[in-house]
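Below is one structure, written out as structure tokens; the observations come after it.
If you're wondering where the values come from, they're calculated on a predicted model, not measured in any experiment.
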Amino acid sequence: MTNEALLASWHDTPTRTAIEAFVAAITDEASADFVAPDERIAVFDNDGTLWPEKPIVIQVDFTVRRLGQLAEENPALRDQQPYKSAYEHDFTWINQALLKHYQGDDADLGLLMHTIPHAFDGLTIEQYLEDVLAFFKTAEHPVLKRNYAQIGYLPMIELLRYLEANGFTVYIASGGDRDFMRGVAQELYGIPPEHVVGSSFKLEFKEHGDRVDVLYKAEMEFFDDGPEKPVRIWSRIGRRPLIAGGNSNGDVPMLRFANVLGRPSLRLLVRHDDQEREGVAYDDGAEIALARAAERGWTVISMKNDWRALFPD
């Protein structure tokens, strides 16, 4: 398949030209910018970059449903955040906690991160995966009215295939839970579980006679966002990325990590400016990233202007 066919849902804009020109230069052995295939690493954020994050992050929806069940079972929880939001099906407080995080205020996010692991305390890794897969079979986006398993951004999925066709190894590096994404990354994006880097709950080993399990604990091990992203990328991959793509302030350290003196790099920032097709348009939580993109010449992807379609038919 030709490069043009691989990027079929991209308009012929300067953004697409910049991507194709970069890939052409680093794959041309006669070029001064040639990069060997084993160094062609691409990392992409997930929420807001590969699939929508408004009006609620998909994993948060999954978790909130579980917190709501706990509040249903225990009335004492119903006046405590984030159980209150979950029980009342009101995502305002949770969305504001995430927005405050991207603007430098982690007070509410700290409470959310402390509470979320309690939703899955004691589950085996297999039980958790079963719950994730069951959620994706039935849950749908509240605005788009599409099943969550059908709302990966088609142009970004095409970009993943395009990069692989040009010798790249592609990873997801997200603030979302690693094991939540592992459950669907292969089917949705064609990314194997071992290529997913993300946040993590603490795990523990348990023996039951001849049987052993790995269980989730009611604690966060780490939250893979902001400065933590380059740390996790290096610890999991052992290479700096050549291409990095994100959409928010929390992705700036990862995009900066792709830059190495004397070596080309491509930094991509997805901008949510398509009210008609995505149902929302916003720069909230991406102000710093957009300013840095303008200052440093990063490539900003306009959903409205660069993409023929957002989602698969």
_I'd like to know if Glu164 and Arg161 make a salt bridge, using a cut-off of under 4.0 Å between side-chain N and carboxylate O._
yes

Shortest non-hydrogen contact between [X] and [Y], atoms and distance:
X: Trp93; Y: Ser85; value: CB-OG, 3.4 Å
X: Phe223; Y: Gly175; value: CE1-O, 3.5 Å
X: Arg236; Y: Arg178; value: NH1-CD, 4.2 Å
X: Ala165; Y: Leu6; value: CB-CD1, 3.7 Å
X: Gly226; Y: Pro230; value: O-CD, 3.4 Å
X: Tyr148; Y: Asp61; value: OH-OD2, 2.7 Å

[X]: partners by side chain to side chain contact (heavy atoms under 4.5 Å, CB included), with sequence neighbours left out:
X: Ser31; answer: Ala25, Asp28, Asp33
X: Asp131; answer: Phe62, Leu123
X: Thr63; answer: Gln59, Leu67, Ile116, Ala119, Phe120

*asked:* Taking the ring of Tyr153 and the ring of Trp307, is the distance between their centroids below 6.0 Å?
replied: yes

*Show the numbers, then the answer: is there a side chain to side chain donor-acceptor pair (under 3.5 Å) between Asp213 and Thr124?*
CA-CA 6 Å; Asp213 281 315; Thr124 68; 5.2 Å; no

Pairs flagged by salt bridge (charged side-chain N to carboxylate O under 4.0 Å, His left out) wherever [range] is involved - sequence neighbours left out:
range: residues 102-113; result: Lys100-Asp108
range: residues 132-149; result: none
range: residues 245-262; result: Lys229-Asp251
range: residues 264-279; result: Arg271-Asp283, Asp274-Arg277

If you round to the nearest 0.5 Å, how far is [atom2] of [Y] from [atom1] of [X]?
X: Asn74; Y: Tyr87; atom1: CG; atom2: OH; answer: 11.5 Å
X: Tyr83; Y: Gln81; atom1: OH; atom2: CD; answer: 11.5 Å
X: Leu261; Y: Arg263; atom1: CG; atom2: CZ; answer: 11.0 Å
X: Asn259; Y: Arg240; atom1: CG; atom2: CZ; answer: 8.0 Å

*Do Thr92 and Gln96 have side-chain N/O donor and acceptor atoms under 3.5 Å apart?*
no

*Will you find, in the side chains of Asn247 and Thr49, an N or O donor that is under 3.5 Å from an N or O acceptor?*
yes

*asked:* I'd like to check the ring pair (Phe, Tyr, Trp, His ring centres under 6.0 Å) partners of Phe168; sequence neighbours left out, ordered by chain and number.
replied: none

*asked:* Whether Arg65 engages the ring of Phe135 as a cation-pi pair (distance to the six-membered ring centre under 6.0 angstrom, angle to the ring normal within 45°) should be assessed.
replied: no

*asked:* One pair to check against side chain to side chain donor-acceptor pair (under 3.5 Å): Thr15 and Asp306. What are the steps and the verdict?
replied: CA-CA 7 Å; Thr15 301; Asp306 292 322; 2.9 Å; yes

Are [X] and [Y] side-chain neighbours, meaning at least one heavy-atom pair lies under 4.5 Å?
X: Phe136; Y: Ile58; result: yes
X: Ile172; Y: Leu50; result: yes
X: Glu20; Y: Tyr162; result: yes

Check residues 180-193 and write down every donor-acceptor pair under 3.5 Å in which the side-chain atom is one partner and the other belongs to a residue at least two apart or another chain.
| unit_1 | atom_1 | unit_2 | atom_2 | d |
| --- | --- | --- | --- | --- |
| Arg182 | NE | Pro193 | O | 3.3 |
| Arg182 | NH1 | Asp179 | OD1 | 3.1 |
| Tyr189 | OH | Asn46 | OD1 | 2.7 |

*Among Thr299, Leu255, Leu268, Leu159, which one satisfies side-chain contact (heavy atoms from CB on, under 4.5 Å) with Ile243?*
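Only match with Ile243 under side-chain contact (heavy atoms from CB on, under 4.5 Å): Leu268.
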
*Linking Ile, Leu, Val, Met, Phe, Trp and Tyr through side-chain heavy atoms less than 4.5 Å apart, which residues share a cluster with Leu129?*
Leu133

*Is it true that atom NE2 of His11 has more than 12 heavy atoms of other residues, nucleotides or ligands lying nearer than 6.0 Å?*
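Enclosed.
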
*Parallel, tilted or perpendicular, as decided by the 30° and 60° cut-offs, for the rings of Phe201 and Tyr128*: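 Rings of Tyr128 and Phe201: perpendicular, over 60°.
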
*Would you say the side-chain atoms of Asn249 pair up with the backbone N or O of Glu287, donor to acceptor, closer than 3.5 Å?*
yes

For residues 34-43, which side-chain N or O atoms pair as donor and acceptor with protein atoms under 3.5 Å away, sequence neighbours left out?
| unit_1 | atom_1 | unit_2 | atom_2 | d |
| --- | --- | --- | --- | --- |
| Arg40 | NE | Val35 | O | 2.8 |
| Arg40 | NH1 | Asn166 | O | 2.9 |
| Arg40 | NH2 | Val35 | O | 2.9 |

*ring pair (Phe, Tyr, Trp, His ring centres under 6.0 Å) contacts touching residues 228-281 (sequence neighbours left out)*: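 The answer is His272-Tyr282.
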
